[in-house]
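We count residues from 1, following the sequence as given. Predicted model only: the values in this text are computed from it and were never measured.
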Amino acid sequence: MEEYLKKIKRRIFLCRGWIAVCAAAVIILGELSGRGILLGGRTRTDFAVRYASALLFGEIIACFFLIHQNKRLLQNREKAQEQCRTEYDELRNMIYDKSGGFPVSCLIFLFANGAIVLSFVDMAAFYTAVSALAAALLFKCFAHLYYRRKYGL
């Protein structure tokens, strides 16, 4: 159980770090586009502007929520044990692995955040990254649903 509590503390630390990265990205990308180095609001499409804003601020809000949730787990041992059992459930882990697992999750993360940067550089590359993101998400969802139904979870 102590090992799981250390894992929760690492998650809190990583979430705080990701909040700092997202905040820095908002400031840096905004400043560079304001100076004309990157594409500004007039040359970017409305979808690209909304996508970048929604994802960056959504990630910040999600990290605050995860920090709050993990701090509550640190305070309540029973909930932490229940969450530990859920996370280490073999059937859930097998379904996660069969539906792409960690590599596909990393790919989705890279496509989602890479599209933010590409929205400030080139619209064609941005739409390609968003299309690849949609394809990877569809693959992950359909594979997860298929294996979940196959193994009866």
Side-chain angles (χ1 to χ4, degrees), residues 1-33 38 44 47-122 125-153:
M1 185 65 193
E2 295 304 318
E3 197 65 33
Y4 185 69
L5 294 176
K6 287 180 185 177
K7 186 176 182 179
I8 290 174
K9 289 177 184 176
R10 278 185 298 223
R11 286 180 186 168
I12 292 171
F13 179 75
L14 288 174
C15 282
R16 287 179 178 158
W18 191 246
I19 289 171
V21 167
C22 288
V26 168
I27 294 168
I28 291 169
L29 291 173
E31 185 65 29
L32 290 177
S33 66
L38 298 176
R44 293 169 54 206
F47 175 69
V49 171
R50 289 180 190 220
Y51 175 85
S53 298
L55 195 62
L56 278 172
F57 291 114
E59 286 179 352
I60 290 172
I61 291 168
C63 281
F64 277 126
F65 176 75
L66 288 173
I67 288 171
H68 174 71
Q69 204 173 29
N70 284 321
K71 281 186 176 182
R72 287 181 59 195
L73 285 177
L74 286 175
Q75 293 171 353
N76 191 343
R77 284 262 213 219
E78 290 177 12
K79 283 187 180 183
Q81 285 178 341
E82 183 180 322
Q83 182 68 25
C84 181
R85 274 185 254 124
T86 302
E87 283 186 27
Y88 291 119
D89 182 33
E90 291 178 7
L91 182 60
R92 287 179 193 269
N93 288 334
M94 183 186 67
I95 291 171
Y96 175 75
D97 289 340
K98 289 208 176 259
S99 66
F102 187 71
V104 174
S105 296
C106 285
L107 186 68
I108 289 170
F109 178 80
L110 290 174
F111 278 142
N113 289 299
I116 292 173
V117 175
L118 290 174
S119 75
F120 286 92
V121 178
D122 183 33
F126 166 73
Y127 283 113
T128 303
V130 170
S131 299
L133 171 65
L137 280 171
L138 282 173
F139 166 76
K140 180 77 172 174
C141 288
F142 286 137
H144 181 79
L145 290 173
Y146 171 76
Y147 286 113
R148 188 174 173 161
R149 184 174 180 139
K150 181 177 179 180
Y151 293 111
L153 182 66

Which atom of Gly100 lies closest to which atom of Pro103, heavy atoms considered: O-CD, 3.3 Å
Side-chain touch Arg85/Asp89, heavy atoms, less than 4.5 angstrom: no
Contact check, side chains of Ile8 and Gln83, non-hydrogen atoms, under 4.5 Å: no
Set of residues satisfying side-chain contact (heavy atoms from CB on, under 4.5 Å) with respect to Lys9, sequence neighbours excluded: Leu74
Separation between CD of Glu59 and CD1 of Ile116, rounded to the nearest 0.5 Å: 5.5 Å
CA sep, side-chain torsions, deciding dist, call: Asn113, Val117, side-chain contact (heavy atoms from CB on, under 4.5 Å): CA-CA 7 Å; Asn113 289 299; Val117 175; over 6 Å; no
Gap between atom CZ of Arg44 and atom CZ of Arg50 - 0.5 Å precision: 12.0 Å
Glu2/Arg77 salt bridge by N-O under 4.0 Å criterion: yes
Met94 side, atom CE; Ser99 side, atom OG - distance, nearest 0.5 Å: 10.5 Å
Glu87, CD: over 12 other non-hydrogen atoms inside 6.0 angstrom: yes
Between CG on residue Leu133 and OG1 on residue Thr128, distance to nearest 0.5 Å: 12.5 Å
Thr86 versus Arg92, closest heavy-atom pair with distance: O-CD, 3.7 Å
Listed once per pair and sorted, the ring-ring contact (aromatic ring centres under 6.0 Å, His included) pairs that draw on residues 95-120, sequence neighbours left out: Trp18-Phe109
Least distance between heavy atoms, Ile67 atom then Cys15 atom: CG1-CB, 3.5 Å
Inter-residue atom distance Leu66.CG - Leu14.CG, 0.5 Å rounding: 11.0 Å
Parallel, tilted or perpendicular: ring planes of Tyr127 versus Phe47, cut at 30 and 60 degrees: parallel
Tyr51 side-chain N/O to Ala112 backbone N/O, donor-acceptor pair under 3.5 Å: yes
Spacing of Ile27 atom CD1 and Cys22 atom SG [to the nearest 0.5 Å]: 11.5 Å
Tyr151 atom OH: more than 12 heavy-atom contacts under 6.0 Å: yes
Heavy-atom neighbours of Lys7 NZ exceed 12 at 6.0 Å: yes
